[in-house]
Amino acid sequence: MKPITSPHISAELRRRVNAAKNVLVLTGAGVSAESGVPTFRGGGNSARWKGLPFDVISSGAMLERNLPAVWEWFDYRRDVLRALEPNAAHHAIASWQERFAGLTLVTQNVDGLHQRAGSRNVVELHGSAWRARCTVCRFVHEITRDGARPEACDDCGDTLRPDVVLFGEMLPPGAIEFALERAARCELCFVIGTSGLVYPAASLPEVAKSAGAFVCEVNPERTPLSNLCDEVITGKAGDVLSVL
Ligand code: BJW
Ligand code: ZN
């Protein structure tokens with residue numbers, strides 16, 4: 001039987017956690033991995049769709065070329081998500097709202113699992129698979145967990161697209177600006193379950209570090225951000241955050 005080992009958390013990090021007020025948390029696909037959501041770059045099922053790599057199907061160029069294919073990919077993703085639940089990491093992060101006076105949760109995930117765990121005011125840098133947006137008037141439509149998605153815009157009747165940020169597209173107006181401003185004045189920054197490859201999201205820990213924050217990464221693997229971090233906790237988000 002595999003021995004149960006507790007992740008190592010330094011006394012310095014514990015001191016910082018106890019003292020911090022302004023905390024920025026950046027999450028990526030790895031935070032949802034223990035719920036069963038495939039990561040993009042971890043060799044999971046969603047890395048390819050009908051033979052296409054995810055960065056081809058999840059791209060602005062594909063949306064221009066073949067919107068129905070992009071919808072099909074997101075319809076499939078929502079079907080997978082429907083059956084999944086938030087995990088210990090989502091719940092731990094949600095509980096931090098009571099722990100830190102100034103918590104900012106910024107996620108790259110489009111799965112809505114942070115909100116389902118009770119996190120409020122989540123900054124969704126890459127949008128949500130649970131919304132559709134009009135390609136003409138930008139009116140946003142919620143897609144309910146059990147309902148079918150709307151076919152056309154309720155406001156102007158035009159074509160809808162997933163309300164997500166695909167490669168080569170701009171982030172939602174104001175979202176990255178707000179996150180960068182919070183990164184520049186946090187004392188503690190957690191980078192959890194992201195490969196740190198996609199910008200501008202990956203610039204948030206860089207900004208926090210330059211502004212003097214203590215930066216801590218939680219990931220089973222090293223990433224391009226590991227070297228700038230003050231502490232790297234090697235482990236799964238659910239295991240690490242449960243004991244932090
Ligand atoms: C665990 C775990 C466990 C496993 N516990 N961890 C600067 C330099 C170069 C390029 C650019 C740049 N600025 C912008 C760009 C272009 C581009 C970009 O960054 N490209 C790079 C890849 C090179 N960025 C953009 O296009 C962005 N737009 C933009 O900047 O507009 C202006 C502009 C346009 C064009 C040129 C220049 C400027 C938009 C990016 C949108 C990203 N969209 C996607 C798809 C969303 C829709 C969908 O869901 O399909 O977002 S791509 C995909 O990657 C998805 C994710 O949110 C994103 C990040 O991935 P994430 O979350 O890090 O997941 P993984 O799978 O990569 O990593 C998982 C990690 O978890 C791993 O490290 C595991 O070890 C770990 N893990 N189990 C903890 N249990
Ligand atoms: Zn419309």
Side-chain angles (χ1 to χ4, degrees), residues 7 26-49 52-63 70-71 73-74 76-78 80-81 87-90 92-93 106-112 124-141 150 152-173 175-176 190-206 217-226 232-242:
L26 172 67
T27 64
V31 89
S32 296
E34 288 154 87
S35 293
V37 182
T39 59
F40 294 92
R41 298 170 185 83
N45 292 333
S46 79
R48 293 188 83 82
W49 169 248
L52 297 171
F54 78 88
D55 50 351
V56 171
I57 184 85
S58 277
S59 70
M62 180 59 86
L63 190 108
V70 177
W71 265 124
W73 158 238
F74 279 93
Y76 159 76
R77 302 257 298 275
R78 281 197 321 283
V80 172
L81 287 174
N87 65 53
H90 298 109
I93 293 168
V106 182
T107 190
Q108 299 167 82
N109 299 346
V110 300
D111 56 30
E124 292 178 313
L125 283 186
H126 296 163
S128 171
W130 296 101
R131 292 192 300 263
R133 186 176 84 227
C134 179
T135 51
V136 174
C137 74
R138 297 185 67 89
F139 189 79
V140 170
H141 304 63
C153 177
D154 282 346
D155 211 39
C156 75
D158 223 301
T159 311
L160 297 176
R161 55 159 289 173
D163 188 24
V164 297
V165 182
L166 304 168
F167 272 118
E169 294 190 318
M170 303 304 285
L171 274 64
I176 190 67
F190 284 100
V191 188
I192 307 171
T194 176
S195 57
L197 291 169
V198 175
Y199 281 80
S203 65
L204 293 170
E206 297 168 350
E217 178 176 66
V218 179
N219 200 310
E221 292 176 14
R222 288 188 73 81
T223 75
L225 296 171
S226 303
V232 174
I233 306 179
T234 305
K236 294 183 175 181
D239 296 343
V240 174
L241 302 193
S242 308

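Side-chain atoms are counted along with the backbone in the values below, which use heavy atoms only and exclude waters and symmetry mates. Every value quoted in this text rests on a predicted model; they were computed, and no experiment measured them. Order of appearance sets the numbers: ligands from 1, and atoms from 1 within every ligand.
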| Does the protein put a heavy atom under 4.0 Å from atom 59 (C) of ligand 1? | yes
| query | Taking the six-membered ring for Trp, are W73 and Y76 parallel (under 30°), tilted (30 to 60°) or perpendicular (over 60°)? | reply | parallel
| query | Nearest protein heavy-atom contact for atom 54 (O) of ligand 1: which residue, which atom, what distance? | reply | R41 NH1, 3.2 Å
| ligand 1 versus L197, non-hydrogen atoms closer than 4.0 Å: side chain, backbone, both, neither? | backbone
| For atom 39 (C) of ligand 1, is the nearest protein heavy atom under 4.0 Å away? | yes
| note | Checking heavy atoms under 4.0 Å, the part of E34 that sits near ligand 1 is side chain
| request: Decide whether D163 and S128 meet the rule of one side-chain donor and one side-chain acceptor closer than 3.5 Å. | output: no
| message | With a heavy-atom distance limit of 4.0 Å, tell me whether K236 approaches ligand 1 through its side chain, its backbone, both, or neither. | response | both
| query | What are the two closest non-hydrogen atoms of V164 and F74, and how far apart are they? | reply | CG2-CZ, 3.6 Å
| Under-4.0 Å heavy-atom contact with ligand 1, by part of A29 that carries it | both
| said: Looking only at distances, can you tell me whether any N or O atom of V31, backbone or side chain, sits closer than 3.5 Å to an N or O atom of ligand 1? | reply: no
| request: Would you check if the side chain of T159 reaches a backbone N or O of T135 as a donor-acceptor pair within less than 3.5 Å? | output: no
| query | With a 4.0 Å heavy-atom cut-off (strictly under), which part of E169 contacts ligand 1: side chain, backbone, both or neither? | reply | backbone
| request: Measure from atom 29 (C) of ligand 1 to the protein's non-hydrogen atoms and state whether any distance is below 4.0 Å. | output: yes
| note | Distance col, row I176:CD1 vs M170:CE, nearest 0.5 angstrom, shows 10.5 Å
| query | Any protein heavy atom sitting closer than 4.0 Å to atom 10 (C) of ligand 1? | reply | no
| Who passes ring-ring contact (aromatic ring centres under 6.0 Å, His included) against H126, sequence neighbours left out? | none
| query | Charged N to carboxylate O under 4.0 angstrom, R41 versus E221? | reply | no
| message | Any nitrogen or oxygen of A237 lying under 3.5 Å from a nitrogen or oxygen in ligand 1? Just yes or no. | response | yes
| query | Would one find an N or O of G193, backbone or side chain, under 3.5 Å from an N or O of ligand 1? | reply | yes
| said: Side chains of T27 and N109, heavy atoms from C-beta outward: is any pair under 4.5 Å? | reply: yes
| Atoms of the protein (N/O/S only) found under 2.8 Å from the Zn ion (ligand 2) | C134 SG, C137 SG, C153 SG, C156 SG
